[in-house]
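What follows is a single structure, written as structure tokens, with notes after it.
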Amino acid sequence: MARAAEPIRVVVTGAAGQIAYSLLYMIARGEVFGKEQSLILHLLDIPPMAGVLEGVVMELSDCALPLLRKVVPTTDPLEGFKDVSAAFLVGAMPRKEGMERKDLLSANVKIFKVQGEALDKVAKKDVKVLVVGNPANTNALVCANYAPSIPRENFSAMTRLDQNRAAAQIASKFGVPISNVSNLIIWGNHSSTQYPDASHGKILIDNEWKNIVDAVGDNSYLEGPFVETVQKRGAAVISARKMSSAMSAAKAACDHMHDWWHGTAPGKFVSMGVFSDGSYGSPKDVVFSFPVEIKNKQWKIVENLSISNFGRSKLDLTGKELEEEKKEAMSVLDSN
């Protein structure tokens, strides 16, 4: 374990925000990179948040976390991304009332262009970059576009929150612990067009792993309320809390990076937004959520899964949205 004692540098953007408030504590406690791995945390945010950032630094200090060697608060992307091994890109322009998707894309394209350029210049070349800020898939695409010296497979978008939501729905329906549910898939975009797919999922009931489809015995539930609940869960949280998902988004970001770092268990897969190679008829060169297996920090799309006619229509819909987003994002970049 001698090598693990060397601290790694990890950056969180939007570090003064809501999601980061939960996320920083989880990372610094060792829940992502391991209980032996010491850390130097880089906290990046915009200049108007510098004062708040100082408060976050104080709190991290007051947590007295054994793994946390140093905290680097900054508003400079070149300092924020310097020598980092992992990046959680949480900061993004939030969607405001009356804002068109194109306006949101336009604002975020500029942010992720700057961050991509900084990563390209100063981050480690094997850095793992997780985009949490929405629209996450297209933000990841833009960021990778401006970091050509970093392999594209090192960029991913978070759909783990949707996967966790889906697993929670199934666990709740059967009254079993969440650990009894596995291999649910989120296909496509982290938006309301995503396709939560239980058809390859497994559930442990009475000490026996069963196919979720057989256990539920009701396709109309799995193609109706289940899909809709997961798709609209973010909006439901906002409606109830008057703020967007923060604690659950932070936990999902930790889960995503943990599995990317440590790998998936044999026979288990997880959902990640990654660059599409056209698998399952998805459009190429967009960031599309697939089921993946991970070994040695490398993900691989799970192949040869059957897709129903219902599933096919959903994959086509979310793929089309991602192509439209990509086109809009590229037109914004071209006009700058």
Side-chain angles (χ1 to χ4, degrees), residues 101 131-132 134-141 156-173 181-203 211-216 218-237 245 248-249 252 255-256 259 264 268-293 299-326:
R101 193 176 73 189
V131 178
V132 176
N134 287 319
N137 297 57
T138 300
N139 287 344
L141 174 87
S156 71
M158 188 172 86
T159 52
R160 185 59 170 265
L161 177 53
D162 309 299
Q163 180 193 311
N164 286 351
R165 287 166 170 166
Q169 291 302 313
I170 297 293
S172 170
K173 187 173 179 67
V181 180
S182 75
N183 291 7
L184 290 168
I185 301 167
I186 305 297
W187 298 98
N189 199 3
H190 174 63
S191 75
S192 59
T193 67
Q194 63 172 267
Y195 171 41
D197 178 10
S199 63
H200 299 281
K202 298 273 189 276
I203 186 163
N211 190 295
I212 286 173
V213 174
D214 297 337
V216 172
D218 178 10
N219 248 13
S220 63
Y221 164 74
L222 290 175
E223 293 182 357
F226 167 71
V227 170
E228 284 156 29
T229 301
V230 177
Q231 285 177 338
K232 295 175 181 172
R233 187 67 163 191
V237 170
S245 309
S248 56
D255 290 345
H256 179 125
D259 289 349
T264 49
K268 299 277 175 79
F269 47 75
V270 293
S271 297
M272 282 170 66
V274 296
F275 271 94
S276 169
D277 60 358
S279 290
Y280 296 100
S282 60
K284 282 186 181 181
D285 299 322
V286 297
V287 173
F288 193 96
S289 182
F290 292 101
V292 299
E293 293 168 324
W299 54 264
K300 183 175 175 290
I301 296 170
V302 178
E303 296 174 342
N304 302 320
L305 296 174
S306 59
I307 306 288
S308 66
N309 289 339
F310 174 80
R312 180 74 265 153
S313 67
K314 293 289 183 191
L315 261 72
D316 290 346
L317 189 71
T318 195
K320 187 166 179 278
E321 182 181 63
L322 280 167
E323 283 190 301
E324 285 167 8
E325 276 189 20
K326 178 183 177 178

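All residue numbers in this chain count up from 1 along the given sequence.
- Applying the side-chain hydrogen bond (donor to acceptor under 3.5 Å, both in side chains) rule to Lys300 yields no partners; only residues at least two apart in sequence or on another chain are considered.
- Under the 4.5 Å side-chain criterion, counting only non-hydrogen atoms from C-beta, Met158 is not in contact with Val131.
- The structure places OG of Ser182 at 7.5 Å from NZ of Lys202, a figure rounded to the nearest 0.5 Å.
- The two residues Ile212 and Val181 have their closest heavy-atom pair at CD1-CG1, 4.1 Å.
- When side chains are defined from C-beta on, Arg165 does not count as touching Pro196, because their heavy atoms never get closer than 4.5 Å.
- Put simply, CH2 on Trp299 and CD on Glu293 are 12.5 Å apart, with the number rounded to the nearest 0.5 Å.
- How far NZ of Lys314 is from OG of Ser308: 10.5 Å, rounded to the nearest 0.5 Å.
- Ion pairing between a basic and an acidic side chain is recognised when a charged N comes within 4.0 Å of a carboxylate O; Lys320 and Asp316 show no such pairing.
- Closest of all the heavy-atom pairs between Ile185 and His200 is CD1-CD2, 4.1 Å.
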Evaluate the side chain to side chain contact (heavy atoms under 4.5 Å, CB included) criterion for residues Val292 and Val302: first the C-alpha distance (whole Å), next the side-chain angles of each, then the deciding distance (0.1 Å), finally the verdict.
CA-CA 5 Å; Val292 299; Val302 178; 5.5 Å; no
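- Counting only distance, with no hydrogens or angles, the side chain of Asn139 and the backbone of Asn134 share a donor-acceptor pair below 3.5 Å.
- Counting heavy atoms of neighbouring residues, nucleotides and ligands inside a 6.0 Å radius, atom CG of Asp214 exceeds 12 of them.
- Separating the CD atom in Glu223 from the CG atom in Asn219 is a distance of 4.5 Å, to the nearest 0.5 Å.
- For the side chain to side chain contact (heavy atoms under 4.5 Å, CB included) test with Leu184, the passing option among Ile170, Ile203, Asn164 is Ile170; the others fail.
- Using modelled atom types and a 3.5 Å distance limit, the side chains of Ser289 and His190 yield no donor-acceptor pair.
- For Lys173 and Tyr221, the positive end sits near the middle of the six-membered ring, less than 6.0 Å away and at most 45° from its axis.
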Yes or no on side chain to side chain contact (heavy atoms under 4.5 Å, CB included) for Leu315 and Tyr195, after CA distance, side-chain angles and deciding distance?
CA-CA 7 Å; Leu315 261 72; Tyr195 171 41; 3.5 Å; yes
Run the side chain to side chain contact (heavy atoms under 4.5 Å, CB included) check on Phe290 and Ile186 step by step: do they pass?
CA-CA 7 Å; Phe290 292 101; Ile186 305 297; over 6 Å; no
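- A donor-acceptor contact shorter than 3.5 Å links the side chain of Gln163 to the backbone of Ser271.
- The CG atom of Asp197 sits 9.0 Å away from atom CG of Leu222, with the distance rounded to the nearest 0.5 Å.
- No donor-acceptor pair under 3.5 Å is formed between the side chain of Asn189 and the backbone N or O of Gln194.
- Between the Thr138 side chain and the Pro135 main chain, no donor and acceptor come within less than 3.5 Å of each other.
- A 4.5 Å side-chain heavy-atom check between Leu305 and Pro291 finds at least one atom pair inside the cut-off.
- Contact annotation: the side chain of Phe288 never approaches that of Val274 to less than 4.5 Å [non-hydrogen atoms, C-beta and beyond].
- Contact detail for Ser279 and Ile301: the closest heavy-atom pair is OG-CD1, 4.0 Å.
- By the 4.0 Å N-to-carboxylate-O rule, Asp259 lies close enough to Arg160 to be salt-bridged with it.
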Could you go step by step and tell me if Glu321 and Ser191 meet the side-chain hydrogen bond (donor to acceptor under 3.5 Å, both in side chains) rule?
CA-CA 9 Å; Glu321 182 181 63; Ser191 75; 2.5 Å; yes
Could you walk me through whether Ser276 and Ser282 pass side-chain hydrogen bond (donor to acceptor under 3.5 Å, both in side chains), step by step?
CA-CA 7 Å; Ser276 169; Ser282 60; 2.8 Å; yes
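- Side-chain N or O atoms of Ser245 include none that pairs as donor or acceptor with a backbone N or O of Gly234 at under 3.5 Å.
- Side-chain contact between Lys326 and Asn137 is absent, with no heavy-atom pair separated by less than 4.5 Å.
- The two atoms that bring Ala157 and Ala140 nearest to each other are CB-CB, 4.2 Å, heavy atoms only.
- Of the possible polar contacts, none joining the Thr159 side chain to the Asp162 backbone as a donor-acceptor pair under 3.5 Å is found.
- When ring centroids are compared, Trp187 and Tyr280 come within the 6.0 Å threshold.
- Separation of atoms CZ (Phe310) and OG (Ser199) is listed at 10.5 Å; rounding is to 0.5 Å.
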